[in-house]
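Lettering follows sequence order; numbering is per chain, from 1.
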Amino acid sequence: MTQLVWFRNDLRIADNPALTAACKEADQAENTAKVRACFILTPEQWQEHDWSPARVQFVITHANALAEELAKLGIPLAFIQAERFSDSIAALENHCRKNSISRLHFNEEYGINERKRDKAVKHRFDELGITTRKYRDQTVAPVGEIRTGQSEPYSVFTPFSRRWRSWIDDNRPAVYPAPKARGDAVQPERITNIPEGFEDAPPALVKTGEDAAHSQLEQFLNKHGGAYKDQRDFPALDGTSQISPYLANGVLSGRQCLIAARQAQGMGGNQEGLVTWINEIAWRDFYINILYHYPRVSMHRAFKPETEALQWNTPGEHFEAWKTGNTGIPLVDAAMRQLNQTGWMHNRLRMVTAMFLTKNLFIDWRLGEAYFMSKLVDGFLASNNGGWQWSASTGTDAAPYFRVFNPVTQSERFDPKGEFIREWVPELAKLDNKRIHDPSKGGVIPGGYPRPIVDLKESRKEAIAKFQALKDQDERNM
DNA sequence: CGCCACTTAAT
DNA sequence: TTAAGTGGC
């Protein structure tokens, strides 16, 4: 009787329902019952899902750290090589045979390919007589639980979040207990090579390991949590939690974040900041639920089907300028350079750059979504897709199409002294606080910095007209 | 069915 | 302040 925990998007020991359950089942069996673990490397699949080198290196580093910590508990973690999800089924089967596995435990993932893979594994393992058990781990309120009065999924955030908060008050989620040592420590396995194509990543953004993740979380809640509401929109400030790489790859769970934040609230301090931050955890749960209820969003389809008729511009020089941070709009360029150089972008700037690509350049949101994934260390399908579709007005709870961020206005509001711009677009560093937001407006543009590649006013008007035409078309069809 | 509220922009 | 719009109660 050996239990196998299959780690995927949950690279942690604490608060891990699959791991806790496997250990419990082993404890209830005879003395010799063992717990093993595995992680499957599927680099070709990662490539296909646009995983960034930064993310792959983060995952490998943290899988190694996980193997080390599990080894101390007497739980050996095996690394299994498979190119794609479809190969991982046979590889897993082979591993289970060699290690006389009787039960397989894993936490659910909600992308369409992940779901297909898990279904195929269950089907095959049913034939083999190996029990599979899956757990709803990724959200604070188990995915699918939060529904309207008519038991329908929510498609708008605000009512979802109200229901979510009351669910939490009623259910008081707790973390799953971390398992105790199950015997002598074992020698940990280790991945030593970075898969081909993922070698070239920016330096690691955060420290490695679960302990480091928890310190980062605690430090944020204690030092910056209270000011979060007022500071989170200013990219030059250290106002955000910076835990997204951990969260996106399961080194921290949403539950742990929520419980830690509520604890910090209980200890006094500014409540409003933490309320706002908890709302961000709700956004994450919301988008995971959307992915779960509407699989089309992970099949490159718009949440609002009628927006599929939009004729996006062919991506050419404009798309290149956006990617490389050479649009002539300082805040957009600063943000894109931050992304390219660090694998991370401030959240407000994700909205600003996404709106600029989809509304001002009128380039397909799918291209932006894929580009972000290919660079972000915290690239997470549900949130990235949700955010892009929100910005493009093709998604749930979309920004009304006539509301287009003006990137220069955003710059004046959220980087008033141009500090963030100066850091990432050094050629503009000498401009004064007024001119730095739009150097093309009067005066000489510093050498090498481009003029804006589009007219903001004009392009905004055109985008709104295209959405308006779509709406008129829709009404004629009714 | 009428109303509230909205990761907000433009005025 | 208002509102080119609208989901959910």
Rounded to whole Å, please give me the gap between CZ in F286(A) and P in dC6(B). 15 Å
By side-chain hydrogen bond (donor to acceptor under 3.5 Å, both in side chains), which residues pair with N360(A), not counting sequence neighbours? S459(A)
Which is true for R232(A) with a 4.0 Å heavy-atom rule: it touches a base, it touches only sugar-phosphate, or it touches nothing? nothing
F157(A) CZ - dT8(B) C1' separation (whole Å): 16 Å
Roughly, in whole Å, what's the span from CD1 in I464(A) to P in dA10(B)? 8 Å
Would you please name every residue forming a ring-ring contact (aromatic ring centres under 6.0 Å, His included) with Y176(A), sequence neighbours left out? none
Just to be sure I understand the geometry, which residues of residues 388-404 of chain A put a non-hydrogen atom under 4.0 Å away from DNA chain B? R403(A), V404(A)
Among residues at least two apart in sequence or on other chains, which ones pass ring-ring contact (aromatic ring centres under 6.0 Å, His included) with F405(A)? none
Only counting residues at least two apart or in another chain, list the ones meeting ring-ring contact (aromatic ring centres under 6.0 Å, His included) with Y287(A). W283(A)
If you measure from the Lys or Arg side-chain nitrogens to the Asp or Glu carboxylate oxygens, is any gap between E114(A) and R8(A) under 4.0 Å? no
Rounded to whole Å, the CG-C1' distance (L470(A) to dG5(C)) equals 14 Å
Can you tell me which residue pairs pass the ring-ring contact (aromatic ring centres under 6.0 Å, His included) test with a partner in residues 325-346 of chain A, sequence neighbours excluded? none
Heteroatom pairs (N/O) under 3.5 angstrom, protein to nucleotides 6-9 of chain C:
{"unit_1": "dG8(C)", "atom_1": "OP1", "unit_2": "S155(A)", "atom_2": "N", "d": "2.9"}
{"unit_1": "dC9(C)", "atom_1": "OP1", "unit_2": "Y154(A)", "atom_2": "OH", "d": "2.6"}

Show me, range against range, the stems involving DNA chain C, built from at least 3 consecutive Watson-Crick or G-U pairs below 3.5 Å. B:2-6 with C:5-9, B:8-10 with C:1-3
Any luck finding a side-chain donor-acceptor pair between N249(A) and H62(A) under 3.5 Å? no
According to ring-ring contact (aromatic ring centres under 6.0 Å, His included), who are the partners of W6(A), at least two apart in sequence or on a separate chain? F106(A)
Please list, chain by chain and in numerical order, all residues satisfying side-chain hydrogen bond (donor to acceptor under 3.5 Å, both in side chains) with Q468(A), sequence neighbours excluded. Y401(A), D472(A)
Check whether any side-chain N or O of Q410(A) sits under 4.0 Å from OP1 or OP2 of dA9(B), and answer yes or no. yes
If you look at every strand shown and take non-hydrogen atoms under 4.0 Å, does N406(A) touch a base, only sugar-phosphate, or nothing? sugar-phosphate
Assess the side chains of N406(A) and R413(A): does a donor N or O sit below 3.5 Å from an acceptor N or O? no
Does R366(A) have any side-chain hydrogen bond (donor to acceptor under 3.5 Å, both in side chains) partners at least two apart in sequence or in another chain, and if so, which? E308(A), D364(A)
State, with a plain yes or no, whether a side-chain heavy atom of F234(A) is found less than 4.5 Å away from one of E419(A). no
Looking only at side-chain N and O atoms, does K359(A) offer a donor or acceptor that is under 3.5 Å from a partner on S393(A)? yes
Per the under-4.0 Å heavy-atom filter, residues of residues 434-442 of chain A near DNA chain C come out as none
To the nearest angstrom, how far is Q468(A) atom CD from dA3(C) atom C1'? 14 Å
